[in-house]
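Below, read A as the first sequence line, B as the second, and so on, with proteins coming before strands; counting in each chain starts at 1.
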2 protein chains.
Amino acid sequence: MRARKLDTKTRKVQIARAALDLIAKQGPECLSIAAVAEKVGIVPSAVYRHFTGKDAILNAILDLLATTFRSIVTQARAAHSDPLDRLRDIIRRHVRFLSENQHLPAVVASEIIFGDHPERRAKVRDILLEYLGGIEAILGEGQLAGIIREDVAPRVAALMLLGIEAPAAALWKVSGGAYDIVAHVEAAWPIYLAGVEKRPG
Amino acid sequence: MRARKLDTKTRKVQIARAALDLIAKQGPECLSIAAVAEKVGIVPSAVYRHFTGKDAILNAILDLLATTFRSIVTQARAAHSDPLDRLRDIIRRHVRFLSENQHLPAVVASEIIFGDHPERRAKVRDILLEYLGGIEAILGEGQLAGIIREDVAPRVAALMLLGIEAPAAALWKVSGGAYDIVAHVEAAWPIYLAGVEKRPG
DNA sequence: GCTGATAGAGAATCGTGAATCACAATGCAC
DNA sequence: GTGCATTGTGATTCACGATTCTCTATCAGC
């Protein structure tokens, strides 16, 4: 049967979301035009009405990613005023998002970055740097407020914050979900906190 | 010209190493039978004399990986007696190895794990768990020695140790090597240390 | 309801890479 | 040196996925 005719603007969003979902839940090699098309409910060739090709779809996925990370930082800022509370909120939201999109890091790390498209790698870099920048800003504010040690470099601490999640996610994935990543974050937070916070005396 | 005839035992090692090198330095999509064959100096079809297929080669790569991680822990134990020194040595060796094999984590995370081979995923899990176990043992010894806080779970702390490297490596990769990952580890170590070590008072 | 522009369908093309096969060369055992 | 098992070669098959092309259906404006 024939799919309902929808305008490109709508289809573009549908296709990008479907592609993100496929790539995030089933891995990069599952991202085929055919699979995306089926998920959206159209035929493979129809995809080309809305995207020039697979590359364009990958770029659209990155745009979705950038939006997500941006909103994680924004929401954490809105929800808390204490820098340390904001950081904890970020890592919690970060983990929640990645839990729902298991394969995303792997994809971003391999398929997308190491394709033969330098400009796409630059895009990923910009997204990551913006995300880190948002975290570093909060760390800097914590230093100004005197609750985070001045001798921790914001960039290093920002990367370590993300480092709470990364290997745990890997373990979670290879063990088929047997490792409780949310509990891990809760257990890791005090350690991270002890590492960065300024102690009296 | 014709390649020298070598026995399967030798070729197996050559092929596995070549494959690891390709996959680690150029990314998973560059791992083709043709590429491996060329690197070894034989013709694609000759590869099938030694491996039943691509899957078997991937398994061989995992064996190489397991060996490497095992030796990282062993060497760190041999080089130091203090648990904290051992941990720092492990993360340093870990980073050095991964710096020389940039794409490896991405590959292990995506291509290998999320292929449709559950038994391979199990193999990766076992490798990771063994590696973590080695680190946890050292952490446990540190707790017994009274230099690591008893309230840090060894598994969590072991994962966080690896977490020092993971996001930094990602940044390093997307920025084309512009982030100094060795310096990152040196800067991150004191933060990690402050997080896990037992403080007087 | 007509019409043009837009979007979907389906067949066909094209390139790629894994895997197979029959044949040739090599090297060790004797 | 002969023989046989092993290894290497080149051609070929096969499947798959991206892309293109042409035709057809739909929708919005009139």
Side-chain angles (χ1 to χ4, degrees), chain A residues 1-23 25-61 103 107 110-112 114-117 120, chain B residues 1-23 25-61 103 107 110-112 114-117 120:
Chain A
M1 69 178 172
R2 205 177 183 84
R4 172 125 179 262
K5 189 175 174 179
L6 296 174
D7 64 354
T8 288
K9 195 169 178 180
T10 308
R11 284 294 191 212
K12 265 193 140 111
V13 175
Q14 289 184 342
I15 290 171
R17 279 197 208 285
L20 174 63
D21 205 51
L22 271 173
I23 221 172
K25 300 222 170 95
Q26 302 186 41
E29 64 284 347
C30 292
L31 177 65
S32 66
I33 300 294
V36 171
E38 193 190 4
K39 211 164 165 52
V40 171
I42 57 180
V43 102
S45 59
V47 171
Y48 291 87
R49 290 278 172 221
H50 314 292
F51 285 95
T52 59
K54 204 173 178 179
D55 281 351
I57 297 179
L58 290 175
N59 282 327
I61 290 179
H103 297 197
V107 171
S110 76
E111 195 74 4
I112 293 184
F114 303 114
D116 25 6
H117 296 273
R120 193 176 305 143
Chain B
M1 68 181 174
R2 205 177 180 84
R4 173 128 179 258
K5 189 175 173 179
L6 296 175
D7 64 355
T8 288
K9 195 170 178 180
T10 308
R11 285 294 192 214
K12 267 194 141 111
V13 175
Q14 288 183 342
I15 290 171
R17 279 197 207 287
L20 173 63
D21 205 50
L22 272 173
I23 220 171
K25 299 221 171 99
Q26 301 185 44
E29 64 284 349
C30 291
L31 179 65
S32 66
I33 300 292
V36 171
E38 193 190 3
K39 213 163 163 50
V40 172
I42 57 180
V43 104
S45 59
V47 171
Y48 291 89
R49 289 281 173 216
H50 314 291
F51 286 95
T52 59
K54 205 174 177 178
D55 281 352
I57 297 180
L58 289 176
N59 282 330
I61 290 178
H103 297 196
V107 171
S110 77
E111 196 74 4
I112 294 185
F114 304 114
D116 25 4
H117 297 272
R120 193 174 305 143

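- In this structure, the side chain of Lys54(B) engages the main chain of Leu31(B) through a donor-acceptor pair within 3.5 Å.
- For Arg2(B), no side-chain nitrogen or oxygen approaches OP1 or OP2 of dT7(D) to under 4.0 Å.
- Among the protein residues, Leu31(A) comes within range of the sugar-phosphate backbone only, with heavy atoms under 4.0 Å from sugar or phosphate atoms but none that close to a base.
- Here the side chains of Thr8(A) and Arg49(A) are not in contact, with every heavy-atom distance at 4.5 Å or above.
- Atom CD of Glu38(B) is separated from atom C1' of dG17(C) by 15 Å (rounded to the nearest Å).
- Distance NZ (Lys54(A)) to P (dT16(C)): 15 Å, rounded to an integer number of Å.
- When the C1' atom of dT6(C) is taken as reference, atom NZ of Lys12(A) falls 14 Å away, rounded to whole Å.
- Separating the CZ atom of Arg11(A) from the P atom of dT26(D) is a distance of 14 Å, rounded to the nearest angstrom.
- Distance from the side chain of Arg49(B) is smallest to dA22(C) among dA22(C), dA19(C), dA18(D).
- Taking only side-chain nitrogens and oxygens, His50(B) comes nearer than 4.0 Å to OP1 or OP2 of dG8(D).
- Atom-to-atom, CZ of Arg4(B) to P of dT26(C) comes out at 12 Å; the value is rounded to the nearest Å.
- Annotation for Gly41(B) and Ala3(B): closest pair O-CB, 3.3 Å, computed over non-hydrogen atoms.
- Note on Ala46(B): a base of the nucleic acid sits closer than 4.0 angstrom, heavy atoms only.
- Here Ser45(B) lies in heavy-atom contact (under 4.0 Å) with a base.
- Rounding to whole angstrom units, CG of residue Leu6(A) and P of dA28(D) are separated by 10 Å.
- The separation between Ile33(A) atom CD1 and dA9(C) atom P is 15 Å, rounded to whole Å.
- Put simply, NZ on Lys5(B) is 14 Å from C1' on dC23(C), counting in whole angstrom units.
- Counting heavy atoms from C-beta on, the side chains of Asn59(B) and Phe51(B) never come closer than 4.5 Å.
- Listed nucleotides dG10(D), dA18(D), dT7(D) differ in distance to Val43(B); the shortest reach to its side chain belongs to dG10(D).
- For Ala3(B) and Thr8(A), each mapped to the nucleotide of DNA chain C holding its nearest heavy atom, the one lying further toward the 5' end belongs to Thr8(A).
- The shortest side-chain heavy-atom distance between Ile23(A) and Leu58(A) falls under the 4.5 Å cut-off.
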